[in-house]
Amino acid sequence: EAGVVQSPRYKIIEKKQPVAFWCNPISGHNTLYWYLQNLGQGPELLIRYENEEAVDDSQLPKDRFSAERLKGVDSTLKIQPAELGDSAVYLCASSAQPMDTQYFGPGTRLTVL
Amino acid sequence: EDQVTQSPEALRLQEGESSSLNCSYTVSGLRGLFWYRQDPGKGPEFLFTLYSAGEEKEKERLKATLTKKESFLHITAPKPEDSATYLCAAGRSQGNLIFGKGTKLSVKP
């Protein structure tokens with residue numbers, strides 16, 4: 001069974017440019033998560049979807065970050081405009097139900113110059 | 001405030017030298033304690049979930065245990081391929097995970 005797929009794996013952009021990350025969860029998983037991981041830190045939740053509804057986006061910086069999950073499957077996380085401090089790894093995870101084990105993708109490493 | 005603290009931050013072992021990693025937590029409405037392994041450049045890989053104090057789970061050289069305030073990941077006779085960062089996460093009633101900073105384990109041959 002395929003795991004969580006993310007693309008791109010790496011992205012380098014200039015500050016103030018837009019960037020988007022894509023995630024395809026494990027088939028049949030209704031709950032999808034986006035996390036941010038800084039170097040030497042554990043992942044921190046940005047947003048959680050149950051099907052196509054964002055049920056927890058309290059930690060998402062809404063002035064520059066946005067996310068969508070069309071048809072309750074794939075998801076896209078966007079940053080516009082990017083800032084130097086956004087350099088980090090963006091992880092996507094999915095679980096069958098909200099309380100179930102979360103399985104992570106390989107992440108997208110973003111570098112903002 | 002919900003919090004997860006892992007210690008030590010880094011641990012260097014010789015091959016075969018057993019040890020334990022600690023994860024202490026203060027989380028209201030705990031819904032499971034999760035252990036993940038993370039290799040450089042990869043996403044966290046699920047290892048164990050523990051739901052109640054006294055519960056233990058094993059996988060190869062790893063054994064995870066849980067009390068009301070902390071969890072331990074015991075590594076018996078580690079090998080170099082066990083080198084990784086081990087992350088502990090507490091599941092909250094909302095369905096979210098709160099992670100510790102991890103313990104970076106290095107096992108030398």
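So that the names make sense, note that chain A is the first sequence line, chain B the second, and so on, each numbered from 1.
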message = Quick check on A:Leu39: does its CG atom have over 12 non-hydrogen neighbours (other residues, nucleotides or ligands) under 6.0 Å away?
response = no
ask   = Under 6.0 Å from the CD atom of A:Glu52, do we count more than 12 heavy atoms belonging to anything else shown?
value = yes
inquiry  = Heavy-atom pairs under 4.5 Å with chain B - which of A:Tyr33, A:Tyr10, A:Tyr103, A:Tyr35 has more of them than the others?
reply    = A:Tyr35
note = Value for CG (B:Asn96) from CD (A:Gln59), rounded to nearest 0.5 Å, stands at 9.0 Å
remark   = Of the listed A:Leu45, A:Leu91, A:Thr101, the one with the largest count of heavy-atom pairs under 4.5 Å with chain B is A:Thr101
task = Treat each ILVMFWY residue as a node, draw an edge where side-chain heavy atoms are under 4.5 Å apart, and state whether B:Leu87 and A:Phe104 are in one component.
result = yes
query = If you round to the nearest 0.5 Å, how far is CZ of A:Arg9 from NZ of B:Lys42?
reply = 9.0 Å
Heavy atoms of other groups near B:Lys79 NZ, more than 12 under 6.0 Å = no
query = Between A:Glu44, A:Gln102, A:Gln97, A:Arg109, which has the largest tally of heavy atom pairs under 4.5 Å with chain B?
reply = A:Gln102
ask   = Which one of B:Gln38, B:Glu45, B:Arg92 has the most heavy-atom pairs closer than 4.5 Å to chain A?
value = B:Gln38
message = Do B:Phe48 and B:Phe72 sit in one hydrophobic cluster, given that two such residues count as connected whenever their side-chain heavy atoms are within less than 4.5 Å of each other, even indirectly?
response = no
Cluster check A:Leu32, A:Leu36: I/L/V/M/F/W/Y, side chain < 4.5 angstrom = yes
Contact winner vs chain B - A:Pro43, A:Pro106, A:Gly107, heavy-atom pairs under 4.5 Å = A:Pro43
query = Measuring heavy-atom distances to chain A, does B:Leu97 have an atom under 4.5 Å in its side chain, in its backbone, in both, or in neither?
reply = both
